[in-house]
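Each chain gets a letter, A, B and so on, in the order the sequences are listed, and its residues count up from 1. The structure displayed is predicted, hence computed values, not measured ones.
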Amino acid sequence: MLFFSFFKTLIDHEVTVELKNDIQIRGILKSVDQYLNIKLEDISVVEEIKYPHMSAVKSAFIRGSVVRYVHLPAAAVDIPLLEDATRREASIHAGKAK
Amino acid sequence: MSFFGFDTPRHNPAATGFSQVHNPFAGLSGQDNEGEALEFEDTYDGLGDQLEETNDAFNDDTFGDDSAAVKGPVGKDFDFFGQTAKVSNAIEEEHVRFQRQVPTARVAQSAARVAQQPFSQTVPAAASYNYPTQSVSKPARSGYEKYSQEPVEELQVDAALWGVAPKKHTAPAPAPAPTAVPAPTQTVFYAAAPSSAPAGRKILSLEEVEAQMRAQAKRPLHQAASSPAPPQPQVQLHQAHPQMHYEQSYQYAHPVQPQVNAQADDLRPKEHSYHLGQTQPQPVYPAQTQPVMILQRPQSKHAPSPQPPIQHSVHQRQQSATPAQPTQILQNPNRLSGDAAKLGIPSHPTPPTQINPPTHPVHRQQDSFHMHPSQMMVHPSLLGQFSEEDKVAYLDQEAKRAKRNHKIYQMSRDNGIMTPQDKNFITRIQLQQLVAATGNPNEHGTDEAFAEDFYYQVHNQIQGGHRQHPSQPLNNFAQTYLFQTGSRQGGLRRQHRGPENHMQRMEQQVQRAVEAAKNKPKNKQLVIEGSLGKISFSNAKTPKPLLNIKRNDSASEANRPGSAHRTHTLNGRDRKSELRSIELVYTTLMKMEDHDRIMPPRPANDIDTKAIHDFIAWNNEAQALNQQLWKALRVHDRPDSNNVHPFIALLSYSKGMKAMQRIFRRTSQEQRITILTLIVVNFDTLDVVRNAQATTGEMQLNAAMRENVELFSASVMSTLFNIMNELELNLVAGVLGLVCSRNVDVIAKSRIGVAMLTMILSRAEIIKQSSGGTADAWHSWDATYMQFFNLLEPTLPHVFPGTVNSGDDIYVWQFLAAIGIEASPDQQSRLVLAVKDRVMDTVTLAKTLPQDLATPRLQNVNLFMRSIGLDVELLQ
């Protein structure tokens, strides 16, 4: 849930989603779900010349399983909080494992 | 009075008519008798054969079943019958009322049920059509009592549907006549309907009654002969043709009708009595007086609905279709006649004994709401016209159909017993049990959910929480969480009421159940009792283990070859255990923060013992956590020989440094000072001091160390600065004394050390300026300062980092200024001597630099110069 929780805070921020097929899509993150499916709006493909078929697309729903990376806006990430959230997540899972 | 000599009131019978067998073509023969030579082949267009009836059996599934009285309202969903729906409430009321009125009816009905009289309902229903209370005597089958009991109320048809002028509906009885319209031969009745209406009215008039009575004078006689007991007229009726009343009516009009048999004759008078409801010889009928009531029935109820609203939807559909599509109905004479029978409409005179073979009674009874097998029966007279082959084929077909219908009925008997709501309800119960069995993850409260979504929740509070709830304290995120869920659910609740809410709850429960199932530790193996082996389960995530090697965790840890390498030994320290202790500190801190969140409100007064108790308990817990933290910090641990203090070791990691601010927030002042003391005492062993010594050459520090120094000054030094600013002079002097006890040279040559010293000296200066501190304290301070200065003096020329050109020495000038302020004139001159070279170099360099670069450097130098009463200007 940590990633879901984290990505929810990035809603309405600009992110770049790098797909497993190497396409990088930059757009405003509009929604994310527990599968980390991503909805982007106002998208632009980073290497537009390489993927002309994407030039007309203005919004995209990306299945979570095809995402390789999400480039985050550093300013929108609260690092200490994220660290703590990670600790909590780890402790929850540690508790579950027992 | 009646058209074609039919006795109109007798045309109304058999409201339900479920068991009634109809000859769809009976009307033809009737017309034959009228002298209109109509052949079946001429009139029957054959469209009926084209009907797709194979799926009719599933009409129940589509339109719901009418088996239960509860289903009455469901029938309204199919508003084919607007008028019926309008009065449905009244119907329900009437139903209840009537049931109360005639409790004995049920007894009779149940008795009849036992008797399994297939045709028992026909006549009673017919009778009750006009006079509901007479249904008392009627035997009825289960599920359909209602129809026979309250036929009049329920049968309030919207006569307008048939385009009949309102005035024609003034008579209560005749309305069913129009429903007979659909049958091909019944078009006559359609025309007759208007005329029959007044007739029905007349029947109830005195003259009519008298006439009827006269006509039935012989009735008791017949009855005595034919029917053994009044309450069981159905026996006779059973023997007789179910459509007997048709026959009778016909006979009524045509007394010389040769087809009438004696039995029907016998029954006829009795039926009359039913219809009229006046000459009932059976005193057990409680509702004998009902006819009067019926006469007084308001006009609005005159048009009797031929169909109770709760009746089968198929029927409803047909009925509703009746007025609008008469031609269609004509094309389906079989069904229509069946309908007509159900409606108690006398459609065709039928030879009584032939058409309804006694072999079909069960089918007829059971299939009453489906197709009547016998409905397909061709009129015997017509049958007679068939060739022998056709006859056999036809009968064979009929038998097949009957068999099929029976089967379908058997299978669909329980169709529609549960409403969708019922099913929904059951599913919910099952899910609840599932959730209860597996444990509801939500029952752990918001904390659990909060832990799952920690980042988002807190981030929202920090970032956006203010906007939404300016008044809400930031730290109280439980409330925020509550509000969020509340608004979410509230909004939905407002939007979706009813079934969608159901569905939503269902979904939630499913989700919860799934989650719970997920959380539940899975048993990976199943050992069936008595079996010789185990069954291992596998799935994508945890494949079935082919090898089951038991591994001792501790042993494997030690034996693993890489483990020795992995444990970094940093200056003889165990990096892993240090990191682990930092994590322990963090865990404890988070526990404390969680604990803070549930802080009970401070008891407002002494009376609220529970609040006080809560508060005390909370405080105790907080104390325990504080001790836990203190222990985790290992402040009081003795360092091993040659090793740095464990707490200082924590400060060599960036996350250890970051923890400092939070640690200080959760510790008492005393503990903070202890920590400060500990840090100062071990200052020269700090990584950021020891490994960040200033050198005369170019900057030697690597990026990681620079970063650490930055972080240390940002997180630890700033925290210490806050404490320092609250220290009294004697403590400040004590701190300085501690510094003196350490390696001042090392401390002064590090940036952090210099900052620390600056901090101490400036605090003393501030106390001096605010004329704080006691004389004793000042005395001890002066002595300590003297000692410090002596220790520092040899190092002073070397405190500058890098060369003059690097220009990264402002903190040193600040430090020198702090020393200069405190210094005595003698010390000042020694100070100037010590740093003279650097001052001169900087001034010289500044002359070669452009103005904008030179100015800040000179200002830095001036910072020191002014502290000792000089100025850079003097040097230029």
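- In this structure, the side chains of B/Arg662 and A/Asp84 come closer than 4.5 Å at one or more pairs of heavy atoms.
- Within 6.0 Å of the OH atom in A/Tyr51, the count of heavy atoms belonging to other residues, nucleotides or ligands exceeds 12.
- Contact detail for A/Ser5 and B/Phe454: the closest heavy-atom pair is OG-N, 4.0 Å.
- To the nearest 0.5 Å, atom OH of residue B/Tyr455 and atom OG1 of residue A/Thr9 are 4.0 Å apart.
- We find the OH-CD1 distance between B/Tyr456 and A/Ile11 to be 6.5 Å, quoted to the nearest 0.5 Å.
- Within a 6.0 Å radius of OH in A/Tyr35, other residues, nucleotides and ligands contribute 12 heavy atoms or fewer.
- Enclosure of atom CZ in A/Arg63 is not indicated, since only 12 or fewer non-hydrogen atoms of other residues, nucleotides or ligands lie within 6.0 angstrom.
- By the 4.5 Å heavy-atom criterion applied to side chains, A/Arg88 and B/Thr587 are not counted as neighbours.
- The pair B/Lys655-A/Glu83 fails the salt-bridge criterion, with no side-chain N (NZ, NE, NH1 or NH2) lying under 4.0 Å from an Asp/Glu carboxylate O.
- Within 6.0 Å of atom NZ in B/Lys631, 12 or fewer heavy atoms from other residues, nucleotides or ligands are found, so the atom counts as exposed in its surroundings.
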